[in-house]
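Computed from heavy atoms alone, side chains included, the values below leave out hydrogens, waters and symmetry copies. Throughout, protein chains are lettered first and strands after them, A, B, ... in sequence-line order, and every chain is numbered starting at 1.
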Amino acid sequence: MTQFGKGCHLHLIDGSAFIFRAYHALPPLTRKSDGLPIGAVSGFCNMLQKYVEDNAGPDAPTHVAVIFDKGSHTFRNDLYDQYKANREEMPEDLRPQIPLTREATIAFNIACKELEGYEADDIIATLSRQAREAGGRVTIISSDKDLMQLVGDGVEMLDAMKNRRIDRDGVMEKFGVWPDRVVDVQALAGDSVDNVPGAPGIGIKTAALLINEWGSLEELLDNAEQIKQPKRRQTLIDKREQIELSKRLVQLDEETPLDFTLDDLEVREPDPETLLEFLTKMEFRSLTKRISDSLGVEAPVLPDTTPEGANPPEDDAPEMPAIDPESYVWVKTAEDLAPWIAAAHERGWVAVDTETTGLDEMACDLVGISLCIEPGEACYIPLAHRGDSDGGLFGDGDLAEGQMPMQAALDALKPLFEDPAVMKIGQNMKYDAKVFSRYGIDISPIDDTMLMSYAMNAGLHTHGMDALSERYLSHVPIPIKTLLGSGKKMKTFDQVPIGDAVKYAAEDADITLRLWKIFKPQLHRAHVTRVYEGLERPLVPVLAEMERNGVQVDRNVLSRMSGAFAQKMAQLEEEIHELAGESFNVGSPKQLGEILFDKMGLEGGKKGKTGAYGTGADVLEDLATEHELPARVLDWRQISKLKSTYTDALQGHINAETGRVHTSYVIAGANTGRLASTDPNLQNIPVRSEEGRRIREAFVAPEGKTLVSLDYSQIELRILAHMADIDALKQAFRDGQDIHAMTASEMFNVPMDEMTPEIRRQAKAINFGVIYGISGFGLARNLRIPRKDAQDFIDRYFERFPGIKAYMDDTTEFAKEHKRVETLFGRVIHTPEIAAKGPRAGFAKRAAINAPIQGTAADIIRRAMIRMPEAIEGLPAKMLLQVHDELLFEVETGAEDALIEAARAVMEGAAEPVVKLDVPLVADAGQGSNWAEAH
DNA sequence: CCTGTCACG
DNA sequence: GACGTACGTGACAGGG
């Protein structure tokens, strides 16, 4: 054992901060076996584990302790009976968890210290002093500002949540004084949380100003008569006693009588057995697993209980055998395959999964197919695995042994996959359906476990197979990385030895079937059968077809634009470097920030949580009024974005075979029911700026065809008018009025014929704000007006449209009560965060207000898309893209009007018959030889 | 791999 | 116990 001294590094963890953060960060989890609340303990352990992982490096501490508060009465209460008097009672479900956090700390083999009658802060102060005096370094893991007085002279703080170190400069940033004067500032400013009175009317800013002027609190108070501002002077004179008391309250005690020494805090390895025993006792399934892995020991078997998180398995969840990759069957011949097909027919269902050479369904090759008919009964049919690459000059590239001919397999499977009496079950079936469709198989009918999960659990968790398997089967699937590797030397699936492929691929089908068995009976209990069967599942073939259609993109147009952009960028770069007086990377926000704020000394530099200056467009726009450089950077940024994301990258997405761009839509990505578009994202092609809009000219109709676009007019505002039942808005929509102008007229008492663009613009911003869960802050930022003005606008808006306010309150109330909100079509969006405290509550509230509106709009266009194929069946037209409220079609020239008529009817009637909206839905149409013209 | 920035509805 | 704040997305570049 080494004695604490020079070269030693002590970490002091603020245990109470960990507990509170854990408590507020997690839903109220309970231990399955007895209902004991354990959410905070779970979070606490997760944070400890993360702490241990993060601090294993070269700068690892030599000594560490978690420090807790003990007892509610401290010397500060003797000084001031109101100290911390306004503190809320500890929540009922947190109290029993407090001793468990001590147990957890000990289980991690970390020193756990507390002292009756003292706050953790005092113990931390004392230990910091001792360590400092012994010549060691200290890191205090906490973000509590009360501890900032300790910083300096080898003592730093670490805000674990933001992973930000706070040194003397950080303290200066926060308090405006060096650490040794922090208590003086706090004494003046007081603290509403701890109920430290301070000097009324003086906050941190003013306090720092005064302390810096006078050097210390004592000097200030002794010379209070000389203060110029009369009110401030009087306060300082009258409240002297209160201020001095405040100082004693915030001053930490560095002489706490401790019954241990620094040497007792030496870092110790955790004992796997003790730690895992504790975690098992708490029934932390995934944490037990994760820590077992990191300790390199086998995870103890937990009793089969609910995985941490949502949706406990139903009481009638089927019994299933353990997942055993060794049990899966390698299908080598048609004779091997036949019984699987027969079994699928017999059951009426089969889980299916395809393995391919890549993730691009349009450009990959089929490598194998796996089937599963009952949990644990799964097979893999390899079809295109390559031979052993060590097999000699001619071995590489040949098909490996033990595979049936692909065509024979497809011929045998096609009748099954197209049999209307057999349900084909998949996880993300759109992928498999697209692959099969390229091989001439139109797989149907289908169920999709990803979409089932999405329908039931949107907002609670993601819906990928790995996540679902872990959550609902407590099983971690074989990672694909173990087969393919990663990085440059990554293999494709056809290079995987078949023996390994069987285990991986069949396991996927097995997992999918198990999930299906669990989810299927849950759907109707969650009241989402209609959503799943009416809005999710039927979209799969529609999207698959749209994605296969793709959109024609003219490479030459893009390439020309890229060239022009490159020139323009080089020119701008030169100007920028000249303005800066030096050469730097304009694309680096870090370097740009340093140039603007350090070198050029511009005002208004704000450092974010990583310590870098913010250089977002809003910041640069403010600076641009004063200086040339930021204006040029904004120009450069715009061009750079257009070039890299659009004119360059888009070319790489043109499919070699079709000459078209095939995006992929993520059905279960956005919690609200919206689609997301990836590889490439065709839902964010520029349109707002003139320069950007020209990129749409590269999206073209082939010879003899025309692009037609239909988009819903103001769909979200119409939905809001209906849902909140606002007569004035509903009537305005019925009359076909300019809704923003009408809002402006109502709010500002301006007659419609005297409306100015500026007033209309503000009303428009408010209308959008309402949809987003308006806040004074947000509106102020958007409109670039003082917050007070923004709040006035909002107040006036709510006064004029009280129904909107009522709707927002009702929605929030519903979300609080049910932990979810719903769209008009019954789509459920869970809002677990709504119960959170702190800033997350605000986010959750606004998301809850927005979700039914955005979600209902998403439902409506989904309904339109699902009906569209039939509606345009007789027309020479194809649906290509969806952009949230817009559908893009390609149609033979001459049939535009017929298409518009048919598509418009579908879109405008899409809510019916399930929902009869009080407002009309209107779809505007456009057409042209490219997307810029059509939109 | 994360963060900042910026494109869309 | 402090803390930032309009909703929902995805892609790219820089930087460790």
Side-chain angles (χ1 to χ4, degrees), chain A residues 14 16-21 23-24 84 87-88 142-147 159 161-163 174 191-194 585-593 608-610 612-620 634 637-638 640-646 648-650 653 663-664 666 669-689 692 695 711-712 715-716 765-766 768-783 787 790 794 829 837-843 845-855 857-858 861 882-886:
Chain A
D14 180 352
S16 305
F18 264 40
I19 294 173
F20 274 94
R21 198 181 301 161
Y23 177 75
H24 289 301
K84 293 203 175 179
R87 180 72 52 96
E88 264 180 59
S142 172
S143 53
D144 188 345
K145 59 178 168 34
D146 295 338
L147 288 164
D159 183 340
M161 191 140 73
K162 294 181 189 157
N163 200 20
K174 171 92 190 168
D191 183 3
S192 59
V193 180
D194 291 348
N585 184 348
V586 182
S588 163
K590 185 167 170 281
Q591 293 180 32
L592 175 65
K609 43 189 161 202
T610 57
Y613 289 110
T615 65
D618 47 348
V619 177
L620 295 189
L634 281 169
R637 284 235 181 111
Q638 195 201 1
S640 164
K641 180 80 176 179
L642 294 177
K643 182 171 188 292
S644 68
T645 308
Y646 301 106
D648 286 352
L650 216 41
H653 284 287
T663 184
S664 188
V666 189
N671 289 335
T672 53
R674 272 197 179 178
L675 301 177
S677 161
T678 64
D679 307 299
N681 181 356
L682 295 186
Q683 291 180 322
N684 72 345
I685 302 300
V687 73
R688 291 175 191 168
S689 82
I695 290 176
D711 70 291
Y712 282 112
I715 187 166
E716 291 189 352
I766 296 169
F768 276 105
V770 168
I771 293 171
Y772 298 152
I774 199 155
S775 77
F777 187 95
L779 183 66
R781 206 175 61 162
N782 188 283
L783 282 176
R787 200 166 145 180
I794 295 170
I829 298 117
K837 292 269 185 303
R840 322 173 90 190
F843 281 112
K845 179 180 166 199
R846 294 189 295 268
I849 289 168
N850 173 259
I853 304 168
Q854 187 182 113
I861 196 163
Q882 188 248 43
V883 192
H884 308 307
D885 64 0
E886 172 188 5

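- More than 12 heavy atoms of other shown residues, nucleotides or ligands fall within 6.0 angstrom of atom NZ in A/Lys145.
- Using a 4.0 Å heavy-atom distance criterion, A/Ile771 is classed as making no nucleic acid contact.
- Contact check, A/Ser588 against C/dG15: a side-chain N or O comes under 4.0 Å of OP1 or OP2.
- Side chains of A/Ser677 and A/Thr663: a donor-acceptor N/O pair is present below 3.5 angstrom, by distance only.
- Between the side chains of A/Arg637 and A/Thr615, at least one donor N or O lies within less than 3.5 Å of an accepting N or O.
- Comparing A/Asp14 and A/Gly778 by the nucleotide of DNA chain C that holds the closest heavy atom to each, the one mapping nearer the 5' end is A/Asp14.
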Discussion item. Quick one, A/Gln882 with A/Ile861, criterion side-chain contact (heavy atoms from CB on, under 4.5 Å). Give me CA distance, side-chain angles, the key distance, then yes/no.
Written reply: CA-CA 9 Å; A/Gln882 188 248 43; A/Ile861 196 163; 3.4 Å; yes

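- A/Phe843 comes within 4.0 angstrom of sugar-phosphate atoms only, judged by non-hydrogen atoms across all strands, and of no base.
- Residue A/Arg846 places at least one side-chain N or O under 4.0 Å from the OP1 or OP2 atom of C/dC7.
- As judged by a 4.0 angstrom heavy-atom cut-off over every strand, A/Lys174 is placed among residues touching the sugar-phosphate backbone only.
- Contact annotation for A/Val770: no contact, since no heavy-atom pair falls under 4.0 Å across all strands.
- At a threshold of 4.0 angstrom between heavy atoms, the contacts of A/Ser640 with the nucleic acid are absent.
- Listed for the A/Thr678 side chain is no donor-acceptor partner under 3.5 Å among the backbone atoms of A/Asn681.
- Taking the nucleotide of DNA chain C with the nearest heavy atom to each of A/Ala765 and A/Lys145, the more 5' of the two is matched to A/Lys145.
- Remark: A/Arg637 is in phosphate contact with B/dC6, judged by side-chain N or O atoms under 4.0 Å from OP1 or OP2.
- Comparing the P positions of C/dT5 and B/dC6 gives a spacing of 16 Å, expressed to the nearest Å.
- Within the 4.0 angstrom heavy-atom criterion, base atoms lie near A/Asn782.
- The CG atom of A/Asp648 sits 15 Å away from the C1' atom of B/dA7 (whole-angstrom rounding).
- Whole-Å rounding puts the A/Phe768 CZ to C/dG8 C1' distance at 13 Å.
- For DNA chain C, the stems formed by at least three consecutive Watson-Crick or G-U pairs, with both atom-pair distances below 3.5 Å, span B:1-9 with C:7-15.
- Put simply, CG on A/Leu682 is 17 Å from P on B/dA7, counting in whole angstrom units.
- At whole-Å resolution of the value, NZ in A/Lys845 and P in C/dC3 are 22 Å apart.
- Here A/Arg781 reaches the OP1 or OP2 of C/dA6: one of its side-chain N or O atoms lies under 4.0 Å away.
- The nearest whole Å value for the distance from the CG atom in A/Asn585 to the P atom in B/dG4 is 17 Å.
- Residue A/Gly587 is in sugar-phosphate contact alone, with no base atom involved, counting any heavy-atom pair closer than 4.0 Å across all strands shown.
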Report each atom pair, protein N/O against N/O of nucleotides 10-12 of chain C, whose distance is under 3.5 angstrom.
unit_1	atom_1	unit_2	atom_2	d
C/dG10	O4'	A/Asn681	ND2	2.9
C/dA11	OP1	A/Asp679	N	2.9

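- Relative to the six-membered ring of A/Tyr23, A/Arg21 misses at least one condition, a distance below 6.0 Å or an angle of at most 45° to the axis.
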Worksheet item: Given the rule in the side-chain contact (heavy atoms from CB on, under 4.5 Å) test, do A/Asp144 and A/Asp14 qualify, once you have shown the distances and angles that lead to the verdict?
Response: CA-CA 9 Å; A/Asp144 188 345; A/Asp14 180 352; 4.1 Å; yes

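- The P atoms of C/dA6 and B/dT5 are separated by 14 Å, rounded to the nearest whole Å.
- Nucleic acid contact for A/Ile685: sugar-phosphate only, since backbone atoms but no base atoms lie under 4.0 Å from a heavy atom of the residue.
- Regarding A/Ile766, its CD1 atom lies at a distance of 17 Å from the P atom of C/dC7, rounded to whole Å.
- The residue A/Ala617 sits close only to the backbone: its heavy atoms come under 4.0 Å of sugar-phosphate atoms, none of a base.
- Side chains of A/Thr645 and A/Leu650 form no contact here, defined as non-hydrogen atoms less than 4.5 Å apart.
- By the 4.5 Å heavy-atom criterion applied to side chains, A/Leu675 and A/Val666 are not counted as neighbours.
- Straight-line distance from the CG atom of A/Leu592 to the P atom of C/dG14: 13 Å, rounded to whole Å.
- The residue A/Gly842 sits apart from the nucleic acid: no heavy atom pair falls under 4.0 Å.
- For A/Lys590 and B/dT5, the NZ to P distance is 14 Å, given to the nearest whole Å.
- Taking only side-chain nitrogens and oxygens, A/Thr672 never comes nearer than 4.0 Å to OP1 or OP2 of C/dC7.
- Side-chain atoms of A/Arg688 and base atoms of B/dG9 include a donor and an acceptor less than 3.5 Å apart.
- Legend: residues meeting side-chain contact (heavy atoms from CB on, under 4.5 Å) with A/Ala780, ordered by chain and number and at least two apart, are A/Arg787, A/Ala790.
- Using a 4.0 Å heavy-atom cutoff across all strands shown, A/Gln591 reaches sugar-phosphate atoms only and no base atom.
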